[in-house]
Every structure is written in structure tokens, then in C-alpha cells.
Amino acid sequence: MLDKTFDPGAIEPVIYAAWEKSGAFACDPKSSKRPYCIAMPPPNVTGSLHMGHALNHTLQDILTRFERMRGRDVLWQPGTDHAGIATQMVVERNLAAENIDRRTLGRAKFIERVWQWKAESGGTITRQLRSLGASPDWSRERFTMDEGLSAAVRKVFVSLYKEGLIYRDKRLVNWDPKLHTAVSDLEVESRETKGSLWYIKYPVVGRDGTFITVATTRPETMLGDTGVAVNPEDERYKHLIGKNVVLPLTTRHIPIVADEHADPTAGSGAVKITPAHDFNDFEVGRRHNLPLINIFDRDAKLNDSVPERYRGMDRFAARKQVLADLEASGLLEKTEPHTLMVPYGDRSGVVIEPWLTDQWYVNAKELAKAAIDAVERGATVFVPRQWENTFFEWMRNIQPWCISRQIWWGHQIPAWYAPDGFVFVEETEEAAKAAARAHYGEDVALRRDEDVLDTWFSSALWPFSTLGWPDATPELARYYPTDVLVTGFDIIFFWVARMMMMGCKFMGEVPFRTVYIHALVRDERGQKMSKSKGNIVDPLAIVGKYGCDALRFTLTALAAQGRDVKLAESRIEGYRNFATKLWNAARFAEMNECKLDPKFDPAKAKLRLNKWIAGSLAQAALRATEALEAFEFNAAADALYHFTWGTFCDWYVEFSKPVLTGADEAARAETRATTAWVLGRLVHLLHPIMPFVTEELWKHLAGGQGGLLIKSQWPALDAELIDRDASAEMDWVVALIAQIRTVRAEMNVPPAQEIAAYVTEAGGDETAWLARHDALVRRLARLTRIHPVATAAPAKQNTIQVVVEGALLLLDLAGAIDVGKERARLQKEAKNVRAELDKIAAKLGNEQFLAKAKAEAVDEQRERQAEARAALSRLDAALARIGGA
RNA sequence: GGGCGUGUAGCUCAGUGGGAGAGCACUUCCUUGACAUGGAAGGGGUCGUAGGUUCAAUCCCUGCCACGCCCA
């Protein structure tokens, strides 16, 4: 016997273990089934589960389970990302607690400590994914620093280098002065900041008392100025172009140049040019051959290129000093408040400094071509489609990708330098040595580049490196290209774009046919969840409180395309209740000995009731299947929810009660079999969304003989099961009962009071329907009997009149009714029907409508008119009988 | 500044070229033999705004307003 409620905490771990043990998650490369593959976006190995993961993995798991049940050989490829900077920071923090600095430890020892940390703590996130019910093929779990994946990285690096698509360059990079590494444009976050705009007077050489005023947000960098720019069209400054100014606080003379970069409407119209410390100024400097003067060291402290008094100062201290000195010398004209965008490192949280260094770059512009083309010709399709615009926008304006990082944890760049600086890029040290020998005619000492690659470089290879590339494995041939990538829009640039580039380049084919982009999970007020706001909802806490299925169903139901998911706990509670509802429907079936009968064929059911529920189920199944195929997760959840609760539990189960306790043995047997059959199909249909409760119920329904639900077949319900006549009949019964209940409530008939009813003016169908379902109607509308009578007249003083489609019912209250109240009720109803009739009449009276509207639309209006007229005449007659017009 | 998206019931959101929906919240009633994590009934919306297309617009098009996100 089932318990009264489902106990997720006790049952989930047991079921998960059974799934894993059964091998249900594993793909089967040798099978004859069609393959289906999803590459899991590898979470950071340092990560812990948040709602974004929960949504992302729930959707992937739904697709995985759905396709698996539909008979595909599914590979959901799991793994984790080594997350270079993030992981190094975690381990450095741990070392700091032991008072150890990584530099004193040395590179090799440090890397050892990272691996040790990974072995101990790196499994957190994958363990957490298990408690979400995720069913990837754990036996194939990969890590981006695995030997195989590292080999792929080296091969890609070397071949891109040899093609000239990876190169070394000295240019400005985003320098993180805290982490001491370059970062890519994407790892820089611009934050709107309230600052100042300082107006500084630069004296013009040879014209005493003449100044040009520049406006700047970063006065401290003036010590690296090598020019002043004005717009060539700016009349205020035209006469000064070509003249020199004395750079205040120094003795340096720098030229005034004409450049479009200077905006005459901003600030003073003249700008200082610091080519070594500003991306725009770098370009201006290049156009005018201005020298680059680097004034910062790697900590962003001032170096020896500045006057002595500023050396060694931090950039922020230097700003104060420079301003004070300018003020003292009368060169600070004014200060205005100014809002500007300041770049911050997304990991370190400190202000990023544009800094001149040697770094490795990928020619992304070139690689982007094939990726753009692939999306243009539909080889990869984004769902929802509009994200293709975002993708194109980024890809068409893509900048060189800085891939070297000055940290230790990651794939070390396979480049070796000879003493003369010549570089040899090879997959192994031996190959580099051989190349050097060939180059110099003798062995020379080689020094390996110390930098490592951007983490996203290895993630970009994920869809094929995990399948064994560069080896030609059977898995690679079978599962690449993958079918779907499920991810959030925030990593379209970081990851999707780069996988597209690398996949097209090295596999000659896109990495995935479809990219499903889901939204961000926000809190119930629509705010992004963040630690500082304290509005984080922890998925594991939710799972503990409401069960995994409740969380999964909630995320699914809210995952409408093109909209953020706003998560309110009340929704989760509601879907937990849904799981309970399903559970109790099964409990009802069990109590009534509804057992699965393998020989039962719903198409052969005799009772209208059973034909109707089978057809309704088929309809819901078709809708859910279509929705999942189209990634309309919420629509699938919605169709199944409404069938389960609104149709099966609210009506069918109630309807079945008189049959199950009745005397007709054949009807009982058929209804029992139908109930069990519907529930059996239903747990299959709900399984991808709510895997635990359905698996547990399946065990009970099938008496342990049905195998695991996760391995079962998706129900292919024939649309032939949808029986229009049975639907019309049962819909009428439902409407009849609802109408009687409404009237009873309005007339304050106590719910427990059973009353007699009379029916008259019934059509042929309605008479038959009422006879057939007499027991159901009596039970659900709480009537003692329904007597057919020849006429409603004379309406008695103790009868209320219920107008339904195709019949008139009289409810006998066995006592005087409040005639005034009854009249008011009928008048209100008549008023509503008249209003509707007016609307229909206006339409049908419109010749344009009759001439131009589709025939079906006109017919529909005519039908509605006929129904409304019939209802109105019954209402008028009813009113006449009690003496009210 | 460029791009994208969103404005529908008190809240969170579905939805459709022709009769406005769900969940939660709210009101009233009900411990009936699956379920009070339940059942029954009910109140509540000029579908942001102004135009246009159409026989017909909440839905399609345009402008505007508001909000959100991404990029510069």
C-alpha cells in the first residue's frame, strides 16, 4: 500500500542508485539505434550548484530522458572544466591559510597541490548534479585537463600556429594588476562609476601664457602622455595643430595632433594621448607615430619612466598626488562630476589596466567566417531564433582573442624559445628540440613559454575532444556533430561562438545542430540572484524541502522561450502539491485494485467514460511530444499538468467511483483496467520532467514487473483514440454538473444536502447521456433522483430552474425558495446571454463579415447564436413561470 | 549611441486574427471512503498608449511611453 504522501528525501537516493546500477545512463556506441548526443556545458570544477545549473541540467535531462525513451542511443556527455584562474585562486587561498605563497612553493609543487585539491574537492558539483536527477553517462566523464583533452589542445594550438592563425604580438591587453595576468575582453566587466572630469592646462611651447586645456578622467596617466589631440574641424584649436606643449609636472615636449578621436562636444574638445595606457589612444598614437611610454609596473604602480617623486606610487595614490601638484602649479582649471564606465576584472574585482605586453593571440576574425556561414545556411539553428542576431553581431565584429594567461594552472603553451628568442611551437618538447636542431644545425638550450592558455581555449574543443579527437574513435564518428547544446545566453560569446569556430575548423562540421538558449533564473521580483543581494535560492535546499521533482517541474513550467525565469517559492510548493496529487491518484487506483493488464486495449473500451479519458490522454501525449520536440518545455509541462489534475483527477477519478463500486462487473473491470492504463502511460509521459516520483509509482503500478521506467518506451498514443463523440458527451456531463453546483452555491443549498431533480425539454442526445450517466451526475451534483417530466410548467414555489445546453433541470429544494433571489439569478443569466447575442447579431448582420470571413467562422457564429437563443428562451420561460419578466 | 527583449487579473506568467486563461493570493462553503500538500463555488483584467492594415486586432505593422538585458 502506498503511503499517504511521496517522501522524496527517502526515495530519491535509492532510485538514483538503481538507475546508475542498471546502466541506464550509458550510451551504447555499438547499438543499432540512432544516436542522440548532448555535450554538457562543463561546470567549473570549483563550482557549486546554483539555480542556473539546476535549470540548465533539468532541461538537458528532460531531452536526454525523452529521447532515450523514444529509442535513441543517447550520449549525454558530462564533465568539468579546469577553470584556470578560478581554481588557481581557490588553491592559493587555501595555501594562504597555511602561510604559503605559491611562488615560494614553485610551479611544479603548486600544480601538484591543485591536482590534490581537485581529487579531494573537485567532485562537489557532479555530486550535486546527481541530486538533481541528472542522467548523463558518468562512465564517460571528462575533465578539460585530462591527458586526452590536453593532447587535443596541443594539437589545435600547433596547427593554428603553423597556419598563422595563432601568433604572438605586442599590444595593449587588459591587465589584471591583482592576478598579474592578461585577460580577454570578455573577462572584463564595465561598471558605471561616478567619477570626475578634470580640466588640465597644458602650456603651449613658445607662447607664454597660452594653454590648451585637456579634459581627462585619468589624470595620473598624463605622465605617460606623448601627445594632445584635437578634432581637425574644431575652430578653437585649428591654429595650434602642429605646435608643441610642455607636459606639466615634466619637462617633456609633446605635439598637438589633429585626430577624429577628439570629440569637440565632449569636455574641452582636446584630449591627452597616452598610447601605452588607453586603447583609443593606442590607435591615435599609431596614426601619428607618437611614442609609447609605459609608466606602470605589473602591480599598476608607477615605474621609473616618471619623475622621481611619483615612482613606486600606486595608481590611485598617484592620481591624488598629480592632482595636488597640478593644483599647486595653477594648471588645474576645473573639475566636473562625470559618470564613466570603468573596467573591472570579473574574477579579481579590481580595475583593469590597459598594459603593453607580449601575448599570444588567435586570429578570431578568420576562424569566425566558417562559423558565421554555418549559422547563415542553417547548419546550426538557434532556438529561439533571435539569438542568432546576437551571435552574428559578436562574430562579425570579433577582435583578436588573447589566449595567454600569466598563471600556472592550465594548459601550458607548447612554445619553446631558443636563446636568441626564436620560437619553436610543437606538440612535444622532443619535437621542439628536433625543430631547433634542424634550424640551428645543433642542439640549443630551449626554454618553454611559461604562460598557460585561456580556459575557454580547451572548452572550445569540448564537443569533439571529449569524444576522443584527435584520434578517429568510433564515438567521434557516431556522436559528432552533437544534436543540441543547451545553455544560457550569457556564454554565447565565451563558449558557443568559440566551439563553433573550433568545430568548423577542425571537424569540418558544426559542433551541434541546435543551440537551445534558455533564460536566466531570477528571484521572484525579477532581480538577478547574487550573494551580495542575499536573494540566492539554493537548489539543494529546495530539493530537500520540496523534492527534486517539484523543483524540476517548476523550472520546466517557467522555462518559456524568450523570457527570464522568475522563481517564486510558492510556485515550487504548488508543483510539490502536483506530485502529491499524482501520487494520490495512484493510491486511489491501488485501493480500487486497478491493475495494469497487458491485454487491455483502450481502443476497444466500451464505456464512453473510458473512451473519453483514453482520448484525452492521447491528446495530452501528442501535445507534450510536439512541445518537447520544439523545445517548448513549459507547454509540455502545462499539457501534462492540466490533463493530470484538471481532467484525470478532477473528473475521471470521480466519475469512476460509482462504476467501481457499482454492480456491473464488466464495467468495473474495464474501468479498473483503463485507470491503470492511463496512470501507466501518464507516469511515462511525466518521467522526463519528474523522474523520481514517476519511477517510484511505476514500480507499484507494474508490481515490479515492468522494469525501470527510465528504460521504458515513450508512449506512442494513436490519435485515433481521440473520440469526438465521447468527448462531446462527457464534456456535456461535466458542464451539467458544474452548472448545478454553481446554482446550488448561489442559492445557498448546503453542500451536504441531497435534493431531487426533474429534467425536461431534453434533446435526444441529452436524454441518452443523462440516462447513461445518471449515477455520476447524481453523485457529483448531490441529487437523490433525476425524474424525467413532460413539462416544467407549472414551476413550483419550491423549485429552482437550471438552464443547461439542450435541457432544463428543476432542482427541488423541498421547501419554499426565495423567489426574488431566484428571479434575480435568472435575470442576471439572461442578461449575459442577451449581451452575447447582441455581439453575435452585430457580426452576422455585417455583410462584409458574411462575404469575406471564412465559412467556418460564419458557421461558428451561427451555431453560437442558435445555442444562445435556445438558452435565452429557456431562461425567459423560466422567468415567466415564477412571474418575473 | 547601437542591438535585443518585455509590458495581459493583486503577484508570477501562459495564450490566440473571430467566445480573455493558469498557478499563487483573496472571499464563501466543505474534514464525502485517493489527496486539507485536498474539494466546491466566487470576485477580479478598456490585454501599456496612439495610429494603421483587416469584414474582424490583445495578437500583424508603425510611432510613443515604461521597464529589463547585451554591446560601445
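Convention: sequence-line order gives letters A, B, ...; per-chain numbering from 1.
Consecutive Watson-Crick or G-U pairs involving RNA chain B, each under 3.5 Å on both distances, make up stems of three or more pairs at B:1-7 with B:65-71, B:10-13 with B:21-24, B:26-30 with B:38-42, B:48-52 with B:60-64.
A:N610 and A:Y652 form a side-chain donor-acceptor contact under 3.5 Å, judged by distance and modelled atom types alone.
Rounding to whole angstrom units, CZ of residue A:F553 and P of B:rU37 are separated by 20 Å. The CH2 atom of A:W651 sits 17 Å away from the C1' atom of B:rC35 (whole-angstrom rounding). We find that CZ of A:F494 is positioned 12 Å from P of B:rC70, with the value rounded to whole Å. Taking atom CG of A:N389 as the reference point, atom C1' of B:rC71 lies 13 Å away to the nearest angstrom. To the nearest angstrom, C1' of B:rA36 lies 13 Å from CZ of A:R587.
A gap of 30 Å separates the C1' atoms of B:rA56 and B:rA66, to the nearest Å. B:rA25 and B:rA40 have their P atoms separated by 15 Å, with the value rounded to a whole Å. The C1' atoms of B:rU54 and B:rC67 are separated by 31 Å, rounded to the nearest whole Å. Nucleotides B:rA72 and B:rG15 have their P atoms positioned 32 Å apart, rounded to a whole Å. Taking atom P in both B:rC55 and B:rC65, one finds a spacing of 32 Å when rounded to whole Å.
Distance from the side chain of A:E654 is smallest to B:rA34 among B:rU37, B:rC55, B:rA34. Taking the side chain of A:F493 as heavy atoms from C-beta on, and the options B:rG38, B:rC71, B:rG23, the nearest nucleotide is B:rC71.
Residue A:N846 places no side-chain N or O under 4.0 Å from the OP1 or OP2 atom of B:rA56. The shortest distance between the side-chain N/O atoms of A:W387 and the OP1/OP2 oxygens of B:rC69 is not below 4.0 Å.
Remark: the A:K4 side chain and the B:rC35 base include no donor-acceptor N/O pair separated by less than 3.5 Å.
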Taking distance alone, no hydrogens or angles, what donor-acceptor pairs closer than 3.5 Å link side-chain atoms of residues 390-401 of chain A to residues at least two apart or in another chain?
unit_1: A:E393; atom_1: OE2; unit_2: A:N397; atom_2: ND2; d: 3.4
unit_1: A:R396; atom_1: NH2; unit_2: A:E376; atom_2: OE2; d: 2.7
unit_1: A:N397; atom_1: ND2; unit_2: A:E393; atom_2: O; d: 2.9
unit_1: A:Q399; atom_1: NE2; unit_2: A:N397; atom_2: O; d: 3.2
unit_1: A:W401; atom_1: NE1; unit_2: A:D454; atom_2: OD2; d: 3.0

Would you tabulate the side-chain donor-acceptor contacts of residues 837-847 of chain A under 3.5 Å, counting partners in other chains and residues two or more places apart, or write 'none'?
unit_1: A:N846; atom_1: OD1; unit_2: A:Q848; atom_2: N; d: 2.9
unit_1: A:N846; atom_1: OD1; unit_2: A:F849; atom_2: N; d: 3.4

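A:A673 pairs by the side chain to side chain contact (heavy atoms under 4.5 Å, CB included) definition with A:F600, not counting sequence neighbours. Every residue meeting the salt bridge (charged side-chain N to carboxylate O under 4.0 Å, His left out) condition with A:R191, not counting sequence neighbours, appears here in chain and number order: A:E189. Residues satisfying the salt bridge (charged side-chain N to carboxylate O under 4.0 Å, His left out) criterion with A:E746, sequence neighbours excluded, are absent altogether. Residues passing the side chain to side chain contact (heavy atoms under 4.5 Å, CB included) test with A:D259, sequence neighbours excluded: A:A229, A:H261, A:V284, A:R287, A:H288. When the ring-ring contact (aromatic ring centres under 6.0 Å, His included) test is applied to A:Y344, no partner is found at least two apart in sequence or on another chain. Every residue meeting the salt bridge (charged side-chain N to carboxylate O under 4.0 Å, His left out) condition with A:E822, not counting sequence neighbours, appears here in chain and number order: A:R825.
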Interface polar pairs with nucleotides 28-33 of chain B, N/O, under 3.5 angstrom:
none

Look for any protein N or O under 3.5 Å of an N or O in nucleotides 15-19 of chain B and output each such pair with its distance, or none.
unit_1: B:rG18; atom_1: O3'; unit_2: A:K843; atom_2: NZ; d: 3.4
unit_1: B:rG18; atom_1: O2'; unit_2: A:Q861; atom_2: NE2; d: 3.2
unit_1: B:rG19; atom_1: OP1; unit_2: A:R864; atom_2: NH1; d: 3.4
unit_1: B:rG19; atom_1: N3; unit_2: A:R864; atom_2: NE; d: 3.2

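Taking all atoms of both residues into account, the shortest heavy-atom contact from A:V693 to A:D549 is N-OD2, 2.7 Å. Counting all heavy atoms, side chain and backbone alike, A:P354 lies closest to A:H277 at O-ND1, 3.3 Å.
Closest-nucleotide positions on RNA chain B for A:R571 and A:W394 were compared, and the one nearer the 5' end corresponds to A:R571. Of the two residues near RNA chain B, A:T580 and A:K828, the one whose nearest nucleotide lies more 5' is A:T580.
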Check your understanding: Should A:Q619 and A:S616 be marked as a side-chain hydrogen bond (donor to acceptor under 3.5 Å, both in side chains) after you check the CA-CA gap, both sets of side-chain angles, and the distance that decides it?
Key -> CA-CA 5 Å; A:Q619 210 154 23; A:S616 301; 5.2 Å; no
Practice item. Please report the C-alpha distance between A:M690 and A:Y575 in whole Å, then the side-chain angles of each, then the deciding distance to 0.1 Å, and finally whether the side-chain contact (heavy atoms from CB on, under 4.5 Å) criterion is met. Key: CA-CA 10 Å; A:M690 312 180 90; A:Y575 291 118; 5.9 Å; no
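At a non-hydrogen distance threshold of 4.0 Å, A:R741, A:T742, A:A745 from residues 739-746 of chain A come into contact with RNA chain B.
Under the 6.0 Å cut-off for aromatic ring centres, A:Y516 and A:F633 qualify, their centroids lying closer than that. Checked against the 6.0 Å centroid threshold, A:F6 and A:W583 count as a close aromatic pair.
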